[in-house]
Participant: 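I have a structure here, written as structure tokens, and I will follow up with some questions on it.
These numbers come from a predicted model, not from an experiment.
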Amino acid sequence: MPNPWLQNQFTQVQLRTLKTKFASVKKSDADHVAVKDLPPVMEKLRGIHEVLSEEEISNFLRESYPDMNQTIEFEPFLREYLNLQAKGSSKTGGKRKLKGSVSFLKASTTTLLHVINESEKTSYVNHINNFLGEDSFLKNFLPLDPSTNDIFNLVRDGLINVAVPGTIDERAINTKKDPNPWERNENHTLCLNSAKAIGCTVVNIGTQDLIEARPHLVLGLLSQIIKIQLLADLNLKKTPQLAELVADDNSREAEELVTLAPDKMLLKWMNFHLKKAGYKKTVTNFSTDDGEAYAYLLNTLAPELSSATMIETSDPNERAKKVLETAEKLECTRYVTSKDIVEGSANLNLAFVAQIFHHRNGLSDNNVAPVVEDTPDDVEASREERAFRLWINSLGIATYVNNLFEDVRTGWVLLEVLDKISPRIVNWKQASKPPIIMPFRKVENCNQVIEIGKELKFSLVNVAGNDIVQGNKKLILAFLWQLMRTSILQLLKNLRTHSKEKEITDADILIWANNKVKESGKTSRIESFKVHQPSGFYLILAIVSLANLTDKSIANGVFFLELLHAVNHRHVDWSMVKKGEDDEEKKLNATYTISVARKLGCTVFLLPEDIMEVNPKMILVLTASIMYWSLQKHGPYQIPEPVPPETLAEEEEEGEEEDFEEYEEEESIEDGVSNLTT
């Protein structure tokens, strides 16, 4: 695009999306786009949808183009889009949130209004200085000066690694003092894929945006990472004392507490103490309080540090100053100024309250047993829930999923995912958007989910929409696994330049991986994928398994490092690889494998334990993701030789040895399982 100013109004991802939308307007028999054809498409664009009607858009365009049959190029189209956004913003008073936005700067990563909040920049820089000041590598670059653009210059070099502990294996980071452009790009790729893996929304951010250090995108990403860090303990598993927030006899409220998003849990904790302090109002967000609620909160949590005048002060600015003085006595990191409190900076106030929680939560000091003891099955289900939840959020659908099992029960999220995987497959006229009051509307949504699943040839024998509404975890995980698997197989199929009508199979992935490793001169291999078909209910899970689950070449992570080395020789440093002779070495290899895959460009959500325990579903997705990246870079592959029939017969016999007698209707479920892994 020749116009630098216009280009800077959009991210690279936004430009590609808008280019696609613009091209879709062109008639099949036309060489150019006509202005008259734009309104139906522009009415659906972000910032305009549900704000301006097609008629209003047409009238607006007619002011610049009296002849609506006139043709228009992409650059003028972008200008008209920005003008329409400004018109829509003025129509709503500038206060309308973008559809689907969530708290703490998710909107900042998608909006075209690039306003940089200096208070937020200062707070994020101070946070980085505090938490990374002792880092052996970054200490050469820290502390950063909040009043300058040091943070953006540092990000441009790809040196920021602020994440959930253990997310990034630092052995995979390029830590040269002067990294070359390729090494910087690798660091940025690792950063973005790791951000997805902890729940950040980075749909509209690309590596080029970080290389150019676009301030609004950098701050948006940093804010999400910091939020995840600050709210990590706001759940019953990490802080079981939070169960005190509900009355013993309120089972419904206790059930809701388990599913609360971290920021909602923080508000509930705050209101719990405010009620005890005699505060009459209920705080519903982090942007409308002028410091009065903070005064009551700190007075009840730390009465020995609070002054009587803090609550009595009527001047909001003076009260905010006293609140900050009291918080500093608690050694809370100063995320806000008195001005931020009075003016209601939502992001910074959330961080401030989270700091108060970490230093003085006012809950019982007794050792409280976890609300629910995890069984081995629960642990595996929890890991799968995490992987599917993060995968869904990485797709960029409008709804952000905080608790998978609860958030899918309306059916709406699953419909959004299905529409993303197979565009136009959902009949939105027959769908009900949350909040849904009438239960039968949820069933209708979920029934459509099941029908679409059957259309996509999922194994769903004896499964009904009501099973999802009731929150049946095994069925939800089974459905999502088939959905994720279908998504990656579709991507692989679309990269083939021949035989596109032939479905790609797990065997194709297996043979490709073994051939790649063999071509590189290595000897490790995966013996086979097979369909694990025990009788009983677990058939619905349709697990793609491995013939030898104790194969050290898989459990120790070496095979996947050899595969990554085969597709790109630069990424694996063999001096970092262990033999995998014990669990510690296996975990080091598995962690390194995941980070190298992300550095390569693979978006994966598995954990080291999934490799160590050879979780067949996550192993398949990891292998397929590496294959997808390789085919994108190096072109299509030849159709592999089919697996001999006797091998398949032997695998089927092995898979039938297990028996789960506690579940009913085994035969009808067994009949439908074979569709999944064709």
Side-chain angles (χ1 to χ4, degrees), residues 131-132 134-138 158-176 183 186-187 189-198 229 232 376 379-380 382-384 386-387 390 513 516-517 520-526 546 548-623 625-626 629:
F131 281 88
L132 294 177
E134 300 301 319
D135 184 89
S136 59
F137 177 72
L138 288 179
L159 301 177
I160 292 292
N161 174 28
V162 185
V164 174
T167 299
I168 296 179
D169 189 326
E170 295 189 5
R171 294 174 295 172
I173 302 175
N174 297 319
T175 56
K176 287 167 51 178
E183 290 167 334
E186 288 170 356
N187 281 347
T189 302
L190 174 59
C191 173
L192 289 177
N193 282 321
S194 298
K196 293 179 186 177
I198 63 173
Q229 181 184 9
V379 171
E380 184 175 351
S382 177
R383 290 213 302 262
E384 291 188 4
R386 170 193 171 277
L390 295 172
K516 269 293 177 184
V517 172
S520 70
K522 303 294 184 180
T523 58
S524 296
R525 62 184 286 108
I526 298 180
L546 295 170
N548 184 2
L549 297 183
T550 60
D551 186 350
K552 290 183 179 180
S553 68
I554 300 171
N556 64 13
V558 171
F559 174 83
F560 298 106
L561 288 168
E562 291 181 347
L563 178 59
L564 288 163
H565 175 77
V567 299
N568 190 307
H569 296 289
R570 292 183 56 253
H571 282 72
V572 179
D573 182 349
W574 289 105
S575 67
M576 301 289 185
V577 180
K578 308 298 180 182
K579 293 182 179 180
E581 295 177 343
D582 54 39
D583 285 346
E584 182 179 352
E585 289 191 347
K586 288 178 182 178
K587 187 164 187 177
L588 285 170
N589 282 352
T591 304
Y592 187 51
T593 296
I594 294 170
S595 287
V596 171
R598 289 173 178 157
K599 179 180 178 179
L600 189 69
C602 302
T603 301
V604 292
F605 304 101
L606 75 168
L607 293 170
E609 289 78 8
D610 292 316
I611 296 177
M612 296 169 63
E613 298 171 12
V614 195
N615 181 319
K617 287 180 270 190
M618 296 299 111
I619 291 298
L620 174 62
V621 172
L622 172 62
T623 310
S625 298
I626 299 171
W629 182 90

Participant: Rounded to the nearest 0.5 Å, what's the gap from CG on L563 to CD1 on I626? Could you check?
Facilitator: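 Interatomic distance, L563 CG to I626 CD1, rounded to 0.5 Å: 4.5 Å.
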Participant: One pair to check against salt bridge (Lys or Arg N to Asp or Glu O under 4.0 Å): K516 and E562. What are the steps and the verdict?
Facilitator: CA-CA 9 Å; K516 269 293 177 184; E562 291 181 347; over 6 Å; no
Participant: Can you check whether K578's main-chain N or O pairs, donor with acceptor, with N589's side chain at less than 3.5 Å?
Facilitator: yes
Participant: What is the minimum heavy-atom distance between A197 and L390, and which atoms define it?
Facilitator: O-CD1, 2.9 Å
Participant: What is the minimum heavy-atom distance between S194 and I168, and which atoms define it?
Facilitator: OG-CG1, 3.3 Å
Participant: Please answer whether the main-chain N or O of L588 pairs with a side-chain N or O of R171 as donor and acceptor at a distance below 3.5 Å.
Facilitator: yes
Participant: Within the structure provided, determine whether I619 and V614 are in side-chain contact (heavy-atom separation under 4.5 Å).
Facilitator: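 Sidechains of V614 and I619: in contact.
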Participant: Which heavy atom in A590 sits nearest to a heavy atom in M612, and how many Å separate them?
Facilitator: CB-CG, 4.3 Å
Participant: Specify the closest pair of heavy atoms between K196 and T603, including all atoms of both residues, with the distance to one decimal.
Facilitator: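 It is NZ-OG1, 3.5 Å.
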Participant: Once rounded to the nearest 0.5 Å, what's the spacing between atom CG of N193 and atom OG1 of T167?
Facilitator: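 Reported to 0.5 Å precision, the distance equals 12.5 Å.
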Participant: Do the side chains of K617 and E384 get close enough for a salt bridge, i.e. N-O under 4.0 angstrom?
Facilitator: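 E384 and K617: salt-bridged.
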Participant: Kindly indicate, with the supporting measurements, whether the criterion side chain to side chain contact (heavy atoms under 4.5 Å, CB included) is fulfilled by W574 and L561.
Facilitator: CA-CA 9 Å; W574 289 105; L561 288 168; 4.1 Å; yes
Participant: Taking NZ in K587 as the centre, count heavy atoms belonging to other residues, nucleotides or ligands within less than 6.0 Å. Is the count above 12?
Facilitator: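 Open.
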Participant: Could you tell me the separation between the NE2 atom of H571 and the CD atom of E186, rounded to the nearest 0.5 Å?
Facilitator: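 These two atoms lie 3.5 Å from each other.
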Participant: Any heavy-atom pair between the side chains of M618 and E613 that's under 4.5 Å?
Facilitator: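 No - every pair of side-chain heavy atoms lies 4.5 Å or more apart.
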Participant: Ignoring hydrogens and geometry, is there a side-chain-to-backbone donor-acceptor pair from Y592 to G557 under 3.5 Å?
Facilitator: no
Participant: For G580 versus E585, what's the shortest heavy-atom pair and its separation?
Facilitator: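 That would be N-OE1, 3.1 Å.
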Participant: Side chain of K599, backbone of A172: donor and acceptor closer than 3.5 Å?
Facilitator: yes
Participant: Let me confirm one number: the CD-OG1 distance from E609 to T591, rounded to the nearest 0.5 Å.
Facilitator: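 OG1 of T591 is found 7.5 Å from CD of E609.
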Participant: Let me see the working for N187 and I173 under side chain to side chain contact (heavy atoms under 4.5 Å, CB included), right down to the final yes or no.
Facilitator: CA-CA 6 Å; N187 281 347; I173 302 175; 3.7 Å; yes
Participant: Would you compute the distance between atom CZ of R598 and atom CG of L192 and round it to the nearest 0.5 angstrom?
Facilitator: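 Reported value, rounded in 0.5 Å steps: 12.0 Å.
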Participant: When you compare the side chain of D610 with that of L622, does any pair of heavy atoms fall below 4.5 Å?
Facilitator: no
Participant: With no hydrogens and no angle check, is any side-chain donor or acceptor of S520 less than 3.5 Å from a backbone partner on V517?
Facilitator: yes
Participant: Restricting to non-hydrogen atoms, name the atom on F605 and the atom on R386 that form the minimum distance, rounded to 0.1 Å.
Facilitator: O-NH1, 2.6 Å
Participant: To the nearest 0.5 angstrom, please state how far the OG1 atom of T593 sits from the CD1 atom of I611.
Facilitator: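 Result: 5.0 Å between the selected atoms.
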